[in-house]
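Predicted, not measured: the structure shown is a model, and the values here were computed from it.
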Amino acid sequence: MESAAAAAAARAFPPFFAESARSSSQSRIPSRPKLSRSPLLSSLSRKIGLRAPPTAVAMSGAAAAAADENPSSKEAKLWGGRFEESVTETVERFTESISFDKELYRQDIRGSKAHASMLAKQGLMDDSDRDKILEGLSEIERLIENGEFKWRADREDVHMNIEAALTDMIGEPAKKLHTARSRNDQVQTDFRLWCRDAIDRIIPYIAHLQVALVTLALKNEGLIVPGYTHMQRAQPVLLQHHLLAYVEQLERDIGRLVDCRARLNFCPLGACALAGTGLPIDRFMTADKLGFSAPMRNSIDAVSDRDFVMEFLSANSIIAVHLSRLGEEWVLWASEEFGFITPSDSVSTGSSIMPQKKNPDPMELVRGKSARVIGDLVTLLTLCKGLPPSYNRDLQEDKEPVFDSVKTIVGMLEVSAEFAHNITYNKERIYRALPAGHLDATTLADYLVKKVISIA
């Protein structure tokens, strides 16, 4: 009965019992029997020079001895209350996400500040503890901004790094920060905040490109160029009209991002692991402090939804397609076969072997990088297609494609605007091209129709 009671207590209070359970269980764990190597394996090893795997090599010698002498040398995990052994180096290296999710540090600190303020308001934390937490989080943010913060892989992710650093800094009050909060709703909140900030960052770049295209159109007011269908000369059009087609596409891109932002702008905090909490929290307060429209209505949906990510990457993919089409046209028009535009030297590259070459490389890369952005979307769609609710560790893989998509899109937009400011339309070449292709055929047909009608 005593062992049953102890097991129940350990389940109820895993952090308190973790250390004693670990020490008492050490003697009960049987040692692994030594396996004798077969003659065949020994022979093959000698022939091919079989070596120990890298992790075994890394843990050999003094390091292995140190690990044996101090099995608790690793920092205890936040989730490690019921565990008697630390994860292996291979597992830790494979499962860590700090190498990329530290990008979320601003959002994580902001969410934690809002959560601490709410806990204090609801009487779940003393005001003095709240103030220490807020001050400590501000200091950690300062250290990160100044490059003075030490990111630790054994703390797995950005959330554990910040929380553990806060505990090191202010002690016991930091441990109260995770009250009424799970890693699941914390991650979702940080990610929604990050995507919202990213959308706010992308939209001005789109507007800047629109301005560049309008400026280019105004510089060439009245210039007539061949319009194309099926890549064949079709009808004459004003260059302004042609360039403004891209401006319209970009305007729809902004609209999609604005719509996406509105749909993602709901707060998951309070959903906890998946089923909420029995503690008297105020979800509307945290939602309001973080600039969300409202809390999410369903706790299971709150921690498992990635629609907002897929929608965001879909909007980015459409932007990338538009930019790729623009890039394709400018690459074609800069060729000797067209000769309609000449990029300045400041946005061109040359050849290592052909001195006459002048290549519109930036727009070729815009065309090429669109594949990355589309690939990021496909990654998310594939990642989510087989996942049941609610949270699954697979979703750790949702961050890198988003970070990559945003970085790539911003670069594509920036260089496209730069290119637009540094091209010249070759009017003489365009004028010589206009008579070919019977571009006035449709206009002549329209004239004859009206002529016949007027005679009749």
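Closest non-hydrogen pair, N184 versus A273, comes out as ND2-O, 3.0 Å. Here the shortest heavy-atom pairing between G270 and R283 reads CA-NE, 3.8 Å.
With contacts defined as side-chain heavy-atom distances shorter than 4.5 Å, the pair L332/F340 does not qualify. Contact check for Y205 versus I409: no side-chain heavy atoms found under the 4.5 Å cut-off. Residues P343 and N422 are not in side-chain contact: their nearest non-hydrogen atoms beyond the backbone lie 4.5 Å or more apart.
Here the side chain of D185 pairs no donor or acceptor atom with the backbone of L269 at under 3.5 angstrom. Judged purely by atom type and a 3.5 angstrom limit, R183 has no side-chain atom pairing as donor or acceptor with the backbone of H159. When atom types are taken as modelled, the side chain of S324 and the backbone of A320 share no donor-acceptor pair closer than 3.5 angstrom. With hydrogens and angles disregarded, no donor-acceptor distance shorter than 3.5 Å links the side chain of Q235 to the backbone of G227. Side chain of Q186 to main chain of R181: no donor-acceptor pair is present (N/O by atom type, distance under 3.5 Å, no hydrogens or angles). Counting only distance, with no hydrogens or angles, the side chain of N426 and the backbone of E428 share no donor-acceptor pair below 3.5 Å. At distances below 3.5 Å, at least one donor-acceptor pair connects side-chain atoms of Q188 with backbone N or O atoms of A302. The backbone N or O of L274 sits less than 3.5 Å from a side-chain atom of S299, completing a donor-acceptor pair. A side-chain donor-acceptor contact under 3.5 Å links D376 to the backbone of S405. In this structure, D305 contributes its side chain and D307 its backbone to a donor-acceptor pair below 3.5 Å.
Ion pair K399/D101 not flagged as a salt bridge, since none of the NZ, NE, NH1 or NH2 atoms sits closer than 4.0 Å to an Asp/Glu carboxylate oxygen. Under 4.0 Å is where a charged nitrogen must lie from a carboxylate oxygen, and between R256 and D259 no such pair does. Here E139 pairs with R142 in a salt bridge; the nearest charged N to carboxylate O distance falls below 4.0 Å.
If you take CG on L216 and CZ on F419, they are separated by 10.5 Å, rounding to the nearest 0.5 Å. Residue M412 holds its CE atom at 8.0 Å from CE of M363, rounded to the nearest 0.5 Å. One finds the NE2 atom of H115 at 11.0 Å from the CE atom of M285 (value rounded to the nearest 0.5 Å). Separation of atoms OG1 (T342) and NZ (K358) is listed at 6.5 Å; rounding is to 0.5 Å. Atom OG of S370 sits about 10.5 Å away from atom CG of L365, to the nearest 0.5 Å.
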- Message: Go through it in stages, so that I can follow the logic: the residues are I224 and V237, the test is side-chain contact (heavy atoms from CB on, under 4.5 Å), and I'd like the CA-CA distance, side-chain angles, deciding distance and then a yes or no.
- Response: CA-CA 6 Å; I224 298 172; V237 295; over 6 Å; no

- Step by step, would you call F292 with T286 a side-chain contact (heavy atoms from CB on, under 4.5 Å)? CA-CA 8 Å; F292 287 113; T286 47; over 6 Å; no

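Inspection of the S346 and S344 side chains reveals an N or O donor paired with an N or O acceptor under 3.5 Å. With no hydrogens or angles considered, a side-chain donor-acceptor pair links Q107 and D197 at under 3.5 Å. Judged by distance alone, the side chains of S138 and K113 do bring a donor and an acceptor atom under 3.5 Å apart.
The only member of D301, D398, D394 that meets salt bridge (charged side-chain N to carboxylate O under 4.0 Å, His left out) when paired with R306 is D398. Remark: of the listed residues R155, R152, K150, R155 is the sole one forming a salt bridge (charged side-chain N to carboxylate O under 4.0 Å, His left out) with D168.
Using cut-offs of 30° and 60° for the angle between ring planes, the Y228 and W333 rings count as tilted.
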